[in-house]
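To start, the structure under review is shown below, and the notes come after it.
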Amino acid sequence: MRVTKAVKAEQLRILRSLYPNARPALTFQSPFELLIAVILSAQCTDARVNVVTGRLFPKANTPAAIAVLGQAELEKEIHDCGFFRMKAKHIIETCHILLDEYDGEVPADFEALQKLPGVGRKTANVVMSVAFHMPAIAVDTHVFRVANRLRLAVGTTPLEVEKGLQKVIPREDWSDAHHWLILHGRQVCKARKPLCDTCALAQVCPSSGA
DNA sequence: AACTCGGGGCA
DNA sequence: TGCCCAGAGTT
């Protein structure tokens with residue numbers, strides 16, 4: 001199957017119809033809360049992150065408060081999220097940088113965000129998109145896999161796929177499309193046994209059945 | 001490019 | 001039990 005521009009448009013139309021009310025699964029009440037939640041979400045389900053932040057944020061939901069909390073106590077709070085020592089170290093360092101260099105605020109700047117410890121390209125894109133409503137597409141493993149299988153965007157690195165998606169997806173849909181691809185990757189286009197038999201995109205997917 | 005960090009989900 | 005993850009940093 002040849003994935004033309006028209007086919008890609010059809011793929012996107014179907015995805016939108018499948019996941020009409022796509023929204024972030026993480027619960028947060030400020031850019032800082034979102035930043036922490038996304039750092040915690042690496043290799044951890046959003047449901048579990050929400051449980052952890054539901055306990056943590058009432059105690060501390062600012063860079064100053066978490067810095068006061070200290071690494072040892074933070075490690076206990078986020079223990080259930082996995083990689084807790086490394087994440088706690090990164091979060092504490094990030095809080096100090098936010099206090100020292102950004103007046104305790106989360107900068108609405110992709111480059112600045114990505115320089116923070118524990119914040120990579122994916123996390124920075126999520127914060128820009130979700131917290132600051134800027135056009136950005138965060139490419140995680142689900143987005144990467146689904147985009148490649150559909151040939152919606154092809155690449156061997158997340159950055160390549162991100163650029164490819166930016167070309168074929170209307171700017172106003174970037175934030176939503178991220179969620180369509182994630183949901184589809186989790187529920188249907190799974191890494192191991194993709195459910196091609198019942199996939200609504202099978203007709204427009206070159207990887208279907210393969 | 002390969003490895004580490006650390007738990008849980010799931011067959 | 002064993003394998004796989006809604007990543008990022010280091011070597």
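Reminder, nothing fancy here: chain letters follow the sequence lines and each chain counts from 1.
Among the atoms of the strands shown, base atoms are found under 4.0 Å from some heavy atom of A:Ala25. A:Arg85 comes within contact range of the sugar-phosphate backbone alone, with a heavy-atom separation under 4.0 Å but no base atom that close.
Rounded to whole Å, the C1' atom of C:dG9 lies 23 Å from the corresponding atom of B:dG8. When the P atom is used for both B:dA11 and C:dA6, the distance is 15 Å, rounded to whole Å. Rounded to a whole angstrom, the distance from the P atom of B:dT4 to that of C:dC3 is 16 Å.
Near DNA chain C, defined here as any heavy-atom distance below 4.0 Å, there are no residues from residues 154-178 of chain A. Contacts with DNA chain C (heavy atom under 4.0 Å) in residues 12-23 of chain A: none are found.
Residue pairs meeting the ring-ring contact (aromatic ring centres under 6.0 Å, His included) criterion with at least one member in residues 85-143 of chain A, sequence neighbours excluded, do not occur.
More than 12 heavy atoms of other residues, nucleotides or ligands shown are found within 6.0 angstrom of CE on A:Met86. When the shell of 6.0 Å around CD of A:Gln71 is examined, it contains more than 12 heavy atoms from other residues, nucleotides or ligands. Around atom CG of A:Asp103, no more than 12 heavy atoms belonging to other residues, nucleotides or ligands sit under 6.0 Å away. With a 6.0 Å radius and a threshold of 12 heavy atoms from other residues, nucleotides or ligands, A:Gln187 has its CD atom above the threshold.
With sequence neighbours excluded, no residue forms a salt bridge (Lys or Arg N to Asp or Glu O under 4.0 Å) with A:Glu101. By the salt bridge (Lys or Arg N to Asp or Glu O under 4.0 Å) test, A:Glu77 is found to be paired with A:Lys59, residues two or more places apart in sequence or in another chain being considered. Not a single side-chain hydrogen bond (donor to acceptor under 3.5 Å, both in side chains) links A:Thr62 to another residue, sequence neighbours left out. Take A:Arg121 and apply the salt bridge (Lys or Arg N to Asp or Glu O under 4.0 Å) test, not counting sequence neighbours, and it matches A:Glu162. For A:Glu10, the salt bridge (Lys or Arg N to Asp or Glu O under 4.0 Å) test picks out A:Arg13, with sequence neighbours left out. Listed by chain and residue number, nothing satisfies the side-chain hydrogen bond (donor to acceptor under 3.5 Å, both in side chains) test with A:His179 (two or more places apart in sequence, or in another chain).
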Every protein N/O lying under 3.5 Å from an N/O of nucleotides 7-11 of chain C:
| from | atom 1 | to | atom 2 | distance (Å) |
| --- | --- | --- | --- | --- |
| C:dG7 | OP2 | A:Gln43 | N | 3.0 |
| C:dG7 | OP2 | A:Gln43 | OE1 | 2.5 |
| C:dA8 | OP1 | A:Gly120 | N | 3.2 |
| C:dA8 | OP1 | A:Thr123 | N | 3.0 |
| C:dA8 | OP1 | A:Thr123 | OG1 | 2.4 |
| C:dG9 | OP1 | A:Gly118 | N | 2.9 |

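Using bins of under 30°, 30° to 60° and over 60° for the plane-to-plane angle, the ring pair A:Phe84/A:His79 lands in the tilted bin.
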Please table the atom pairs, donor to acceptor, closer than 3.5 Å between any side-chain atom in residues 32-43 of chain A and protein atoms at least two apart or in another chain.
| from | atom 1 | to | atom 2 | distance (Å) |
| --- | --- | --- | --- | --- |
| A:Glu33 | OE1 | A:Gln29 | N | 2.7 |
| A:Glu33 | OE2 | A:Asn61 | ND2 | 3.0 |
| A:Ser41 | OG | A:Val38 | O | 2.7 |

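Along DNA chain B, the nucleotide nearest A:Lys193 and the nucleotide nearest A:Asp80 are compared for position; the residue whose nucleotide lies closer to the 5' end is A:Asp80. Residues A:Thr45 and A:Cys81 both approach DNA chain B. Their nearest nucleotides, taken by heavy-atom distance, put A:Cys81 toward the 5′ side.
On the nucleic acid side, DNA chain B has its first and last nucleotide under 4.0 Å of a heavy atom of chain A at B:dC5 to B:dG9, going 5' to 3'.
One atom, NZ of A:Lys87, and another, C1' of C:dA6, lie 10 Å apart when rounded to the nearest Å. For A:Ile182 and C:dC5, the CD1 to P distance is 15 Å, given to the nearest whole Å.
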task = Kindly indicate, with the supporting measurements, whether the criterion salt bridge (Lys or Arg N to Asp or Glu O under 4.0 Å) is fulfilled by A:Arg186 and A:Asp46.
result = CA-CA 12 Å; A:Arg186 273 210 342 204; A:Asp46 285 356; 5.5 Å; no
